[in-house]
Amino acid sequence: MANALPLQKRMTLGEGGLSLALIGLAGLSIVIAAKAYTPEYAFHAYLFTAASIAAVFAIFNRYFERPTERPALVNADGRPNYNMGPVKFATIAAVFWGIAGFAVGLYIALELAFPGLNFAQWFNFGRLRPLHTSAVIFAFGGNVLVATSFYVVQRTCRARLAGDLAPWFVVLGYNFFIAIAGTGYLLGITQSKEYAEPEWYADLFLTVVWVVYFLVFLATIMRRTEPHIYVANWFYLAFIVTIAVLHLGNNATVPVSIFSPKSYIVWSGVQDAMVQWWYGHNAVGFFLTAGFLAIMYYFIPKRADRPVYSYRLSIIHFWALIFLYIWAGPHHLHYTALPDWAQTLGMTFSIILWMPSWGGMINGIMTLSGAWDKLRTDPVLRMMVVSVAFYGMSTFEGPMMSVKIVNSLSHYTDWTIGHVHSGALGWVAYISFGALYCLVPWLWNRRLYSLKLVNWHFWISTIGIVLYITAMWVSGILQGLMWRAYTSLGFLEYSFVETVEAMHPFYVIRALGGFLFLCGALIMVFNLWKTVTSTTVASEAELQLQPAE
């Protein structure tokens, strides 16, 4: 009997199609680089060229090295063959961008306290401030969301991540967008829209990446072997879909030319302001709230080894948050040219939002029912529970600050900065740190190197947060009161320079708080690095099985 012919290895549609698309992008980028109006834009075009060529080489190298058979969806033991490669990459990227973003934040805090540090155009506050916000929100927070969403959707659906190259395109493409955006800020390329500074070509590339992200996540849910869709996946889906809509609406621009980085927004005047803060507040609502609530709903029950306190409450929390949050944006535009009815509408929905937000907070904290003792022995769980407490505090303070009479004192002051950072550091960063402390041991099959170091991280960074937000609260209220103080003759009692001078000690305290927070994050990096490089493999009992397994 003749020997059977060996199976021929063929390039998949995804490998071939993505390679052709990247080759086309490289060719277009070379043409743009040659005819670019500015050297900064040409630099970005060359980056697109280099990244596209490198990706094509990686795809072909992967093709030649991979076996003939495609990865099996199920292992020999019947368990799903999970794809954790992209999750690992996004986890490492999150840690890297987190340290970078925190460091830049510390530097710009020092610039405000000591203006002499604004010594070069690439390092002035105007260019570094959007670099800081994008690094901590989209680079650090975004990679945490991508990593946890790809992990959670696989484990709760008992299905391998959909696609072969698509998940890698998402994590690598998203981080390339971050590199383009960040270097653009330093080079002066910006469309000057809060949380949406990247110009049209970066936005266009991100749109492609985000659509693929949505398709991968949705297709994984569709191939699930679990009949029930766990609540965390609903929050992830809401975050992905709504951010896509916000991104398209707020970045509707007309480029000057394909050879120019400059574009003009299609909205004008007060319509532009309204669309910007519809986007800006819901970037907070869906990127920094819905996405991280998904983390809360998976990682806190997992770490506490307890079921979610109330599944019914989680569903009410989800739908109330989704329907209400989208209307709250106008509270950023009190006492502006925006019609008064729109301002009042935003204020009203902001106040109503307090109820579902606290419903989610109660659900997260009460999940510890029967396991409160773990707060004493497990600093990772303590960090995540404290993050939920910060979420509750921020979602009370936000609606309060949206009330017009309160806003008349708080707006344009450092009180807003304190509010933002109580949510960003206390809620977003702490729930992210908790997720990273869980993910790294699970992904690398290692025991966490040191719980004592987690404890040090928690207390050092908590002191930093308290110093930061209390300094900004006092500073902001002082600013508001000084700005509205009048003499008996009806003149302003304080000049603007006098108010700035009064802020100096608070800016120094804020910088100290940021320094302590950065120190805590560096302790985490060391702890995670020692965990990954450890030769001690964790036992099955130590790692524990995931929900639905």
Side-chain angles (χ1 to χ4, degrees), residues 133 137 193-196 238-239 242-243 246 249-250 270-293 316-362 388-428 468-470 472-481 483-484:
T133 54
I137 296 172
K193 291 173 76 69
E194 183 77 353
Y195 307 136
F239 138 69
T242 310
I243 290 300
L246 297 170
N250 193 46
V270 74
Q271 288 84 10
D272 184 24
M274 183 63 257
V275 172
Q276 160 60 33
W277 284 110
W278 165 75
Y279 164 89
H281 191 75
N282 288 296
V284 174
F286 288 87
F287 199 97
L288 297 177
T289 301
F292 290 93
L293 284 170
I316 296 172
H317 176 210
F318 173 79
W319 288 111
L321 203 74
I322 298 314
F323 278 114
L324 293 174
Y325 227 119
I326 207 78
W327 297 92
H331 75 226
H332 288 265
L333 297 167
H334 284 332
Y335 306 107
T336 66
L338 188 73
D340 191 64
W341 68 265
Q343 298 178 35
T344 303
L345 183 73
M347 178 186 74
T348 304
F349 274 93
S350 300
I351 295 169
I352 298 171
L353 259 173
W354 170 71
M355 291 182 285
S357 298
W358 273 38
M361 175 197 67
I362 292 168
V388 179
F390 269 107
Y391 170 67
M393 182 180 70
S394 297
T395 52
F396 173 78
E397 186 183 28
M400 181 185 70
M401 293 173 71
S402 74
V403 177
K404 286 185 176 181
I405 190 64
V406 179
N407 197 265
S408 67
L409 175 68
S410 72
H411 208 39
Y412 307 117
T413 73
D414 289 332
W415 187 354
T416 304
I417 311 303
H419 165 65
V420 167
H421 283 80
S422 70
L425 303 179
W427 159 237
V428 174
Y468 191 116
I469 61 179
T470 52
M472 290 299 95
W473 284 338
V474 175
S475 170
I477 294 171
L478 180 60
Q479 273 180 313
L481 293 175
W483 290 346
R484 61 165 58 179

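As the structure is a prediction and not an experimental result, all values here were calculated from the model.
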Only distances under 3.5 Å count here; give the side-chain donor-acceptor pairs of residues 351-360 to other protein atoms, sequence neighbours excluded, each with its distance to 0.1 Å.
{"residue": "S357", "atom": "OG", "partner": "L353", "partner atom": "O", "Å": "2.9"}
{"residue": "W358", "atom": "NE1", "partner": "G392", "partner atom": "O", "Å": "2.8"}

Shortest non-hydrogen contact from L333 toward T336 | O-OG1, 2.6 Å
What heavy-atom pair brings W427 and L288 nearest, and what distance separates the two atoms?
-> NE1-O, 3.0 Å
Return yes if some donor-acceptor pair links the side-chain N/O of E194 with the main-chain N/O of Q276 below 3.5 Å, else return no.
-> no
Count the heavy atoms belonging to other residues, nucleotides or ligands that lie under 6.0 Å from OH of Y335, then report whether that count exceeds 12.
-> yes
So which heavy atom on A196 is nearest to which on N250, and how close?
-> CB-ND2, 3.6 Å
Y468: what forms a side-chain hydrogen bond (donor to acceptor under 3.5 Å, both in side chains) with it, not counting sequence neighbours?
-> H421
Measure the shortest side-chain to side-chain distance between L409 and W415 over non-hydrogen atoms and say whether it is less than 4.5 angstrom.
-> yes
Which donor-acceptor pairs under 3.5 Å do the side chains of residues 472-481 make with protein atoms, sequence neighbours left out?
{"residue": "W473", "atom": "NE1", "partner": "E397", "partner atom": "OE2", "Å": "2.9"}
{"residue": "S475", "atom": "OG", "partner": "D414", "partner atom": "OD2", "Å": "2.7"}
{"residue": "Q479", "atom": "OE1", "partner": "D414", "partner atom": "N", "Å": "2.7"}

Is any side-chain heavy atom of T395 closer than 4.5 Å to a side-chain heavy atom of M361?
-> no
Proximity of H281 and Y325 rings by center, below 6.0 Å | yes
Taking atom NE2 of H419 and atom OG1 of T413, what is their separation to the nearest 0.5 Å?
-> 11.5 Å
Do you know the tightest heavy-atom contact between T416 and S410?
-> OG1-O, 3.5 Å
Counting only N and O atoms by type, is there a donor-acceptor contact under 3.5 Å from the side chain of Y279 to the main-chain atoms of Y195?
-> yes
Any side-chain heavy atom of M393 sitting closer than 4.5 Å to one from I469?
-> yes
Measure across N407 and M401 and return the closest heavy-atom pair with its distance rounded to 0.1 Å.
-> ND2-O, 3.0 Å
Of all heavy-atom pairs linking I322 and A238, the shortest is CD1-CB, 3.6 Å
Any W483 side-chain heavy atom under 4.5 Å of Y412 side chain = yes
Between L293 and Y391, is any pair of side-chain heavy atoms under 4.5 Å apart?
-> yes
Less than 4.5 Å apart, any side-chain heavy atom of W278 and any of I326?
-> yes
Could you check if a side-chain atom of I243 sits within less than 4.5 angstrom of a side-chain atom of L246, using non-hydrogen atoms only?
-> yes
Under the side-chain hydrogen bond (donor to acceptor under 3.5 Å, both in side chains) test, residues paired with S394 that sit two or more places apart = S422
Just jot down the side-chain hydrogen bond (donor to acceptor under 3.5 Å, both in side chains) partners of N282, sequence neighbours excluded, or say none.
-> none
Contacts of T344 that satisfy side-chain hydrogen bond (donor to acceptor under 3.5 Å, both in side chains) - sequence neighbours left out | K404
Do any N or O atoms from the side chain of H334 and from the backbone of S402 form a donor-acceptor pair under 3.5 angstrom?
-> yes
